[in-house]
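Reviewing the structure listed below.
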Amino acid sequence: MASQNSVMAYNDQVLVEEKSLTRILVLNRPKQLNALSYPMISRLLDLFVAYEADPNVKLIILKGNGRAFCAGGDVAAVVHDIRKANWKSGAQFFTKEFTLNYVIATYTKPQVSILNGIVMGGGNGVSMHGRFRVATETSVFAMPETALGLFPDIGASYFLSRLPGFFGEYVGLTGARLDGAEMLACGLATHFVPATKLSLLEEALYKVDSSDSNIISAIIDCYSQQPYLKDQSAYKRLDVIDRCFSRKTVEDILSALERESMGKADDWINNTIQSLKKASPTSLKISLRSIREGRIQGVGQCLTREFRMVCHFMEGKLSKDFFEGCRAILLDKDRNPKWEPARLELISEGMVEQFFSRMDDEEWDDLKLPSRSNFVLPRHAIAKL
Amino acid sequence: MSSESPTDRASRRTRILSNHLTTSDLQVGGNSLQSNICLSYSPPELHEKIEFEVRKMRELLDVHNLQDRDWLFGLMMQSKLFNPQEKGGKVFVMPDFNHTKEQQREMTMKRIEYLLERGVFDGWLTTRGPETEMRKFAFMETLGIFDQSLAIKIGVHFFLWGGAIQFFGTKRHHDKWLRDTETYRIKGCFAMTELGHGSNVRGIETVATYDPKTDEFVITTPCESAQKYWIGGAANHATHTVVFSQLNINGRNQGVHAFIVQLRDFDGNICPNIRIADCGHKIGLNGVDNGRIWFDNVRIPRENLLNSVADVTPDGQYKSAIQDPDQRFAAFLAPLTSGRVTISLSAIYSAQIGLAIAIRYALSRRAFSFVPNEPEVLLLDYPSHQRRLLPLVAKTYAMTCAGNYLKKMYVKRTPESNKTIHVVSSGFKAVLTWHNMRTLQECREACGGQGLKTENQVGHLKGEYDVQSTFEGDNNVLMQQVSKALLGEFIAAKKKNKPFKGLGLEYMNEPWPVIPSQLTSDILRSSNFQITTLRLRERDLLNRFAAEMSQHQSSGVNKEYAFALGYQLAEDLGRAFSDRIIFETFLNDEGTVSTGPMKDVVGKLRSLYALTCMEEDAAFLRYGYLSTEKAAAVRAEVAKLCSELRPHALGLVSSFGVPGAFLSPIAFNWIDSNAWSSSSA
């Protein structure tokens, strides 16, 4: 089946450099801002699996070619597949992607992701679950799925729900963009290294002959600095975020924000309200519940749950918002999606519940995550189970 | 640590780092269970299989308001007020029990204020109906999983004080107090128990005398034994209380009534003619400010009599719709029923916490090898460890279903069902709280020394939950009440020669059953055998109890004393009744599960529950419901069921739905949480 194109894509879209015991994986689709294609995900998974068994590999560096780290999964291609065949062929993309996310989350060797430039959606799936995430002054983080009629997937319900207070709900529901300083402050990034020092950092990491996290961390520390958190940063509004985004329902969150904004011109709150009003109402409700459930689940449970949810979106029976979002944002680019249902109050708890249930399809199974029982996992990976 | 010099520290770090280097080389990429000189933590998630859907099993147990529960778990986990602590890479929330009792009380109050702000209590008293009540129960259960003090302090305010206003008050009280209670503008407590009278509420000595000249009641504590005791909220925070007191009108005692008295002004100063003292440090629940109250002729307006049951006119006429003083008094105990419901449920959730911790530990902790030089054996792979913990898991499952049945019955209550609710809630409260205490003790021992650490919950919870066998009715007294009620049914049916109806006793209209002579595994696991045997015990004990009572009475002993003499059968019967209903509710819930791996597991749990009841109660042998051979067959089947349930242990405790953050470090990576780097950080 594999056409020559896909073989080439497999080899070209992820470049591999070997430096002694370090492997550098470079996402290489610069024109598409390194959006993850199926061949890329397959290659990454193969490489990660192979390196885990290879005693000559101690450390993996993941970075992007060009000005972005990774703009996300190649959703347009997924939609194309679904249009051409059926939802299951689209869902296969996620099977592979989520499996990769799980392997990364439970990886026995340290991974350093250099988050220079844009890191969004699926790009977070291949980096945030890894041990070290290095932000720079050019980093732009977002999980923008609710604007696309989807929900923060790739295991985001695991890592967003573990951000301080209710910052994860804020980031996941509004799709807010964060800069490198904010990523470090909230814990999405473990280090902040100025872009000019990245090559020095990489050089230093080439010489590593150990998989010990403490040693790697100490090396990155040498190039790190404490960035300035801008005054208008959302992270400085954590008290408002906690008051509003801790509310039980999306409707309650919105009215809490509206109460906060009463009688004062506050751009940040108004923008926040606008983002929520523009997003798919179905996406918002499902995303909120996903993050809340994710908070009390392990990373494997999060991914299997999200896989069910994503299958429902691909199948398009419960909601067509994902296809509408892709049409409005990625294909027609009119930026004017018509969500259905169009209002929050039209979506009952029972409707939300359906997205979390097993697919009503005899031939379709839940996501089967690879067994990790043959590995001695490091402590931070054990804690994620 | 403080004595260590910076150079020492640096060289120690280097040493640790180089150790890491050498050991991590050994571990990383290891492909099999290497025989390593050092133990490493192997998380149960990686080697245990779960063959049913945990989400579905959790629904069977939690039943209602799952999203509300998860929301509340999240509210607690994400706030610094709930004392999050990182141990072994995981965050746990738990009150700081190193705090003094005063600090613990302040923290409890701060947590309540936080939850209030986030809207947790919205509608608790200002909306009504089964949906609100079920949501309240779900929240109470969830709060109790964090800290029993928190749940109790909230429970006293909403269920006892708020409940008293709702149940005993009339519109004027509802309008005046309910909204302010819901928003905590006022903080209520519930002054029933006295130093000299606990279970026997009718004997309390506080007196309220009506003064028609001023249209006031005068509340008095006439003697030291009449001081109100154990009043939760009174010591520090409560602004108001419901006082239970004998009502004296024109020198005539009309029995126990409830009144509203203000204790503190809004600045927190104690009001005139009121004295409050602390109950002091306790074996648990130090986050609740239990106090003692004396009333020195406190004058309150006539309107402060909670008058739904009885009223006093301005000229001092006593009026009551209920003429019978016994029934009038019973009406005053209504809020205690909701208390018994919440206590039963919180006991079960506590048992779930204990078992989730002990089982997870038993799935990661090893001891001794069967064969020299082989790896040590997981605790839960020892049949004895399975026998200690798995029947408790089965009981906890059964009792969770029973608790849910009780909740449903309570929220759908009618005047006709009140008696059943009273009897069932009494029996369940006793059996479920005893089960919890026993479970915690077994879990504590099953965790060995680790169980002694407060941070590991199982030991500490014993102190927190011990009071449950006492408050809202002493367990032994409640069991006697259950038996009294059953005897009442028995006598009524026999006297009027009418069939049994109610309390699930209809089976007594049928002929006595016969237990099969050969107890095969199939028979032992059939629900038919199980229910028949459990009913046989209840039925026979009831007959024996009735015979003993009539024998005592015919020999001239009065009724009350006869009951006191018949305590042995009374308590056995109370348990037999409760066990039987618990079994029926579990069987009923099992019936709602569709065929598949989950139903198979639930069926095994149900069998294990029933057979454990038979194995543990000597009545089956004492009165010959089971011969010695049959009792031996039961015992052998219990062991078999334990080994069949062993592979499901992780799935069973994961389905309790208690988030890891509310368990404890030994339930997870206990090696890392005890690492030197964790203690010196």
Side-chain angles (χ1 to χ4, degrees), chain A residues 51-55 57-58 106 108-109 161-169 209-215 218 242-243 246-249 252 256 288-289 291-298 300-301 305 349 352-353 356-358 366 371-385, chain B residues 13 16-18 20-21 23-34 36 40-48 53-56 66-75 77-80 86 88-91 117-120 122 654 657-662 668-669 671-673 675 677:
Chain A
Y51 291 156
E52 194 152 48
D54 185 348
V57 177
K58 299 286 185 198
T106 56
T108 52
K109 301 180 184 186
S161 61
R162 280 155 180 82
L163 299 184
F166 293 84
F167 200 64
E169 272 95 336
D209 60 354
S210 156
S211 286
D212 187 86
S213 286
N214 294 309
I215 292 171
D242 278 355
R243 269 202 302 277
S246 61
R247 292 280 158 173
K248 199 163 71 179
T249 63
D252 291 348
L288 182 63
R289 179 156 161 200
I291 294 168
R292 300 254 160 105
E293 281 200 19
R295 190 162 275 140
I296 57 174
Q297 291 177 327
Q301 288 170 293
R305 174 177 44 72
E349 252 186 62
V352 173
E353 176 74 34
F356 292 76
S357 62
R358 195 188 278 270
D366 280 334
S371 165
R372 309 289 290 155
S373 59
N374 287 335
F375 297 94
V376 178
L377 304 188
R379 63 182 289 264
H380 70 271
I382 288 176
K384 290 181 192 172
L385 298 169
Chain B
R13 290 295 309 165
I16 291 171
L17 287 179
S18 54
H20 273 301
L21 262 171
T23 54
S24 54
D25 275 352
L26 262 178
Q27 290 175 10
V28 173
N31 246 351
S32 61
L33 282 176
Q34 289 167 331
N36 202 324
S40 62
Y41 174 78
S42 174
E45 281 80 3
L46 291 189
H47 55 78
E48 297 289 323
E53 208 182 322
V54 167
R55 168 186 295 270
K56 290 272 168 222
L66 270 75
Q67 274 81 62
D68 291 327
R69 293 171 200 262
D70 290 352
W71 170 60
L72 184 48
F73 280 132
L75 277 184
M77 287 162 68
Q78 297 306 102
S79 163
K80 293 270 179 289
E86 206 233 83
K90 271 191 126 64
V91 178
E117 260 175 46
R118 306 292 147 130
V120 172
D122 289 357
S654 303
V658 180
F662 295 78
F668 297 92
N669 192 345
I671 295 182
D672 201 54
S673 61
S677 53

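Scope of the values below: all heavy atoms of this structure, side chains included, with no hydrogens, waters or symmetry mates. Computed from a predicted structure; not experimentally measured. Residue numbers begin at 1 in each chain, while the letters A, B, ... track the order of the sequences.
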Inset, instruction - Indicate yes or no for a side-chain donor-acceptor contact from Arg292(A) to the backbone of Lys248(A) under 3.5 Å, with no hydrogens or angles considered. - result: yes
Inset, instruction - Find the distance between CG (Asp242(A)) and CD (Gln78(B)) and round it off to the nearest 0.5 Å. - result: 8.5 Å
Inset, instruction - Please determine, among Glu53(B), His47(B), Gln67(B), Lys90(B), the option with the most heavy-atom pairs under 4.5 Å with chain A. - result: Gln67(B)
Inset, instruction - Report yes or no: is the cationic atom of Arg289(A) (NZ for Lys, CZ for Arg) closer than 6.0 Å to the six-membered ring centre of Phe356(A), at no more than 45° off its axis? - result: yes
Inset, instruction - Please tell me if the side chains of Thr106(A) and Lys384(A) come closer than 4.5 Å, counting only heavy atoms from C-beta onward. - result: no
Legend entry - Salt-bridge criterion met for Asp209(A) and Lys58(A) (N-O under 4.0 Å): no
Inset, instruction - Heavy-atom pairs under 4.5 Å with chain A are the metric here; pick the option from Val120(B), Leu75(B), Asp70(B) that has the most. - result: Leu75(B)
Legend entry - Atom group of Leu163(A) that falls short of 4.5 Å from chain B, counting heavy atoms: backbone
Legend entry - chain A interface, residue from Lys80(B), Met77(B), Lys56(B) that has the most non-hydrogen pairs under 4.5 Å: Met77(B)
Inset, instruction - Check whether any side-chain heavy atom of Glu293(A) lies under 4.5 Å from a side-chain heavy atom of Arg55(B), and answer yes or no. - result: yes
Legend entry - Contacting moiety of Ser161(A), where chain B heavy atoms sit under 4.5 Å: backbone
Legend entry - salt bridge (Lys or Arg N to Asp or Glu O under 4.0 Å) evaluation trace for Glu86(B) with Arg379(A): CA-CA 13 Å; Glu86(B) 206 233 83; Arg379(A) 63 182 289 264; 3.7 Å; yes
Inset, instruction - Side chain from CB out, backbone as N, CA, C, O: work out which of these in Gln301(A) comes under 4.5 Å of a heavy atom of chain B, or both, or neither. - result: neither
Legend entry - Part of Pro378(A) within contact of chain B (heavy atom distance under 4.5 Å): neither
Inset, instruction - Check each atom of Glu48(B) against the heavy atoms of chain A and say whether the ones under 4.5 Å are side chain, backbone, both or neither. - result: neither
Inset, instruction - Using non-hydrogen atoms and a 4.5 Å limit, figure out which bit of Arg305(A) sits close to chain B: side chain, backbone, both or neither. - result: side chain
Legend entry - For chain B, the option from Ser246(A), Ser357(A), Gly298(A) that forms the most heavy-atom pairs under 4.5 Å: Ser246(A)
Inset, instruction - Examine whether an atom of Tyr41(B) lies under 4.5 Å from a heavy atom of chain A, and if so say whether it belongs to the side chain, the backbone or both; otherwise answer neither. - result: both
Inset, instruction - Salt-bridge test for Glu169(A) and Arg247(A): reply yes if a basic N is under 4.0 Å from a carboxylate O, no otherwise. - result: no
